[in-house]
Student: 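Right, I'll just put the structure down here and ask away after.
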Amino acid sequence: MAEIRDTVILGSGCAGLTAALYTARAGLKPLVLEGHEPGGQLSITTLVENFPGWPDGIQGPELIANMKKQAARFGAEYQHALLESVEVGAHPIKLRTSTSGPGCEIHTRTLIVASGASARWLGLPSEQALIGRGVSSCATCDGFFFRDKDIAVVGGGDSAMEEAIFLSRFASKVTLLHRRDAFRASKIMLERAIAHPKIELRTNTVVDEVLGVDEKEVKGLRLRDVKNGEQEELKVSGMFLGIGHEPNTKMFVGQIDLDDEGYIKTTNNVFTTRDGAIVPGVYACGDVQDRRYRQAITAAGSGCMAALEVEKDLEERRH
Ligand code: NAP
């Protein structure tokens with residue numbers, strides 16, 4: 001019979017590691033399953049300047065490494081493992097991971113889901129090679145580095161409009177590239193972008209290649225007009241993706257309530273539900289349940305809330 005843990009945390013981004021710190025300090029020896037993107041979105045960011053307490057900013061990977069170390073100091077354990085299946089209705093909750101050996105099946109009294117949301121990318125090899133070197137999926141994180149530079153934003157939804165408008169504070173010019181001529185963005189956001197003197201919208205345009213792989217920094221984009229197939233080069237120093245995020249919740253379909261885009265629905269901040277009723281012992285925090293704020297500090301805050309609820313939950317079960 002497998003050991004029954006007090007708590008397992010799914011995901012090692014800002015939310016998961018904050019939950020790990022709090023549950024570890026409560027003596028619960030949390031096990032953190034690091035998943036397919038260890039460290040979450042901060043681990044692919046460069047300088048983080050809006051996390052309080054770092055007056056000169058801190059590199060995203062360093063911030064994550066510090067959080068990991070801080071939680072480990074109080075007894076948090078980490079395992080590189082991919083979740084293959086989960087039974088949240090079972091008592092204890094059962095997790096099956098891709099790790100071979102005894103770690104394969106994990107039993108736990110409580111589960112904190114902090115599996116995040118992954119930014120969608122175009123999937124071009126040149127784009128992947130230049131992430132963090134001019135290619136970014138986070139305008140709030142990286143916009144500052146593009147002062148007085150020409151940049152491009154890809155997408156036709158509210159995120160792309162919001163990013164373009166935000167980035168226009170820094171950039172000399174923002175070219176918004178959309179693959180169709182109809183936009184998903186709300187009318188008001190689209191109108192703001194259209195009216196903005198620094199933003200140019202180009203429709204029916206896709207990116208075939210990000211230029212600058214040899215130079216290790218974005219030098220431009222090779223664009224293609226989808227109507228006539230004509231290609232041209234656009235000189236920019238940065239490309240921001242605003243083509244949406246995908247919450248990492250596939251394992252929970254049918255087990256806990258998700259919204260129409262797959263984000264976990266929570267009640268009282270971090271409680272998960274099934275058909276509207278609270279699922280005992282299963283909490284969610286961070287971007288997997290937040291498509292509105294998506295900031296490191298808000299993820300950390302909700303990780304703390306989930307940990308405090310776990311502590312309270314286990315305490316109540318003991319009495
Ligand atoms: P979205 O509405 O799904 O829009 C994604 C956009 O990216 C679409 O225009 C889509 O093009 C494009 N796209 C997707 N994959 C692509 C690819 N491989 N290549 C090129 N283009 C691609 O996502 P979102 O903008 O992140 O918004 C998500 C939700 O959050 C929405 O409900 C939105 O209203 C909300 N949101 C609200 C605000 C706000 O109110 N301030 C801000 C941000 C987000 P197609 O149209 O051709 O599919």
Side-chain angles (χ1 to χ4, degrees), residues 40-41 44-45 50 116-131 134-143 151-169 174-196 199-211 218 220-232 234 236 238-250 257-266 284 286-296 298-299 302:
Q41 291 190 55
I44 53 164
T45 308
N50 54 7
S118 304
R120 278 197 203 116
W121 301 95
L122 297 174
L124 303 167
S126 53
E127 166 205 57
Q128 295 298 303
L130 290 167
I131 291 174
V135 172
S136 170
S137 61
C138 179
T140 330
C141 322
D142 298 329
I151 55 173
V153 171
V154 184
D158 280 336
S159 293
M161 302 304 142
E162 197 171 61
E163 288 199 359
I165 294 163
F166 177 79
L167 289 165
S168 66
R169 291 189 206 170
V174 180
T175 307
L176 191 136
L177 306 167
H178 181 36
R179 62 184 177 184
R180 296 189 294 146
D181 53 10
F183 288 89
R184 276 181 207 274
S186 53
K187 195 164 172 278
I188 187 163
M189 298 285 280
L190 181 59
E191 281 173 356
R192 268 186 213 153
I194 291 172
H196 201 291
I199 301 175
E200 183 190 341
L201 277 76
R202 291 182 58 165
T203 53
N204 296 315
T205 304
V206 293
V207 178
D208 273 349
E209 190 186 349
V210 185
L211 307 172
V218 172
L221 304 176
R222 191 183 319 285
L223 304 180
R224 178 166 44 87
D225 184 319
V226 292
K227 289 260 160 123
N228 58 24
E230 272 177 25
Q231 286 196 326
E232 69 167 291
L234 177 72
V236 286
M239 177 176 82
F240 284 80
L241 281 307
I243 60 174
H245 282 78
E246 271 171 37
N248 299 312
T249 52
K250 281 197 190 84
D257 294 334
L258 307 177
D259 71 11
D260 52 8
E261 287 180 36
Y263 287 85
I264 295 177
K265 285 188 185 174
T266 48
D287 286 10
V288 76
Q289 52 92 57
D290 167 27
R291 55 168 144 145
R292 187 171 177 85
Y293 301 107
R294 297 173 178 155
Q295 299 301 300
T298 51
S302 71

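For ligands, and for the atoms within them, numbers begin at 1 and follow the listed sequence. Quick caveat, the model's predicted, so the values are computed rather than measured.
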Student: I need the nearest protein heavy-atom contact for atom 42 (C) of ligand 1: residue, atom name and distance, please.
Tutor: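 The answer is Glu162 OE1, 3.4 Å.
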Student: Which distance, rounded to the nearest 0.5 Å, do you find between the CD of Gln41 and the SG of Cys138?
Tutor: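 Here the interatomic distance stands at 7.5 Å.
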Student: Does the N or O separation between Arg294 and ligand 1 drop below 3.5 Å for any pair?
Tutor: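 Not met; the criterion fails.
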Student: Nearest heavy atom to atom 16 (C) of ligand 1 wins, so pick from Arg179, Glu261, His178.
Tutor: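 Residue with the shortest heavy-atom distance to the ligand atom: Arg179.
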Student: For atom 7 (O) of ligand 1, which protein heavy atom lies nearest, and how many Å away is it?
Tutor: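 Here the closest protein heavy atom is Ile243 CA, 3.3 Å.
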Student: Does the Ser136 side chain pair with the main chain of Phe240, one donor and one acceptor, at a distance under 3.5 Å?
Tutor: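 A pair under 3.5 Å: no.
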Student: How far is atom 3 (O) of ligand 1 from its nearest protein heavy atom, and which residue and atom is that?
Tutor: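 Atom 3 (O) of ligand 1 sits closest to the protein heavy atom Arg184 CD, 4.1 Å.
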Student: From the options Ala182, Ala117, Gly155, Ser159, select the one whose nearest heavy atom is closest to atom 27 (O) of ligand 1.
Tutor: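 Comparing heavy atoms across Ala182, Ala117, Gly155, Ser159, the nearest one to atom 27 (O) of ligand 1 lies in Ser159.
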Student: Quick test: of every protein heavy atom, which one is nearest to atom 23 (O) of ligand 1, and how far off is it to 0.1 Å?
Tutor: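 For atom 23 (O) of ligand 1, the nearest protein heavy atom comes out as Gly244 CA, 4.0 Å.
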Student: Quick one: which ligand 1 atoms are inside 4.0 Å of a heavy atom on Arg180?
Tutor: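 By the 4.0 Å cutoff, the relevant atoms are 45 (P), 46 (O), 47 (O).
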Student: Which is closest to atom 36 (N) of ligand 1 by heavy-atom distance: Val206, Leu122, Asp260, Asp158?
Tutor: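 Answer by nearest heavy atom: Asp158.
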Student: Please report, to 0.1 Å, the donor-acceptor pairs under 3.5 Å made by any side chain of residues 156-164, with sequence neighbours excluded.
Tutor:
from	atom 1	to	atom 2	distance (Å)
Asp158	OD1	Ser186	N	2.8
Asp158	OD1	Ser186	OG	2.9

Student: Restricting to non-hydrogen atoms, name the atom on Leu241 and the atom on Val135 that form the minimum distance, rounded to 0.1 Å.
Tutor: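 Minimum heavy-atom contact is CD2-CG1, 3.9 Å.
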Student: Which atom names give the shortest non-hydrogen contact between Asp260 and Arg291, and what distance separates them?
Tutor: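 Closest approach of Asp260 to Arg291: OD1-NH2, 3.6 Å.
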Student: Compare Glu163, Arg292, Arg291, His245 and give the one whose heavy atom is closest to atom 30 (O) of ligand 1.
Tutor: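 Ranked by closest heavy atom to atom 30 (O) of ligand 1, first place is Arg291.
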Student: Going by salt bridge (charged side-chain N to carboxylate O under 4.0 Å, His left out), name the pairs with one or both residues in residues 174-186, residues two or more places apart or in two chains.
Tutor: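 Qualifying pairs: Asp181-Lys227.
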Student: Report the nearest protein non-hydrogen atom to atom 9 (O) of ligand 1: residue, atom name, distance rounded to 0.1 Å.
Tutor: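 Nearest neighbour among protein heavy atoms for atom 9 (O) of ligand 1, to 0.1 Å: Gly156 N, 3.0 Å.
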Student: More than 12 foreign heavy atoms under 6.0 Å from CD of Glu230: is that the case here?
Tutor: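 Atom CD in Glu230 is not packed in, count stays at 12 or less.
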Student: Compare every heavy atom of Gln295 with every heavy atom of Thr140, then report the nearest pair and how far apart it is.
Tutor: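 Of all heavy-atom pairs spanning Thr140 and Gln295, the closest is CG2-OE1, 3.9 Å.
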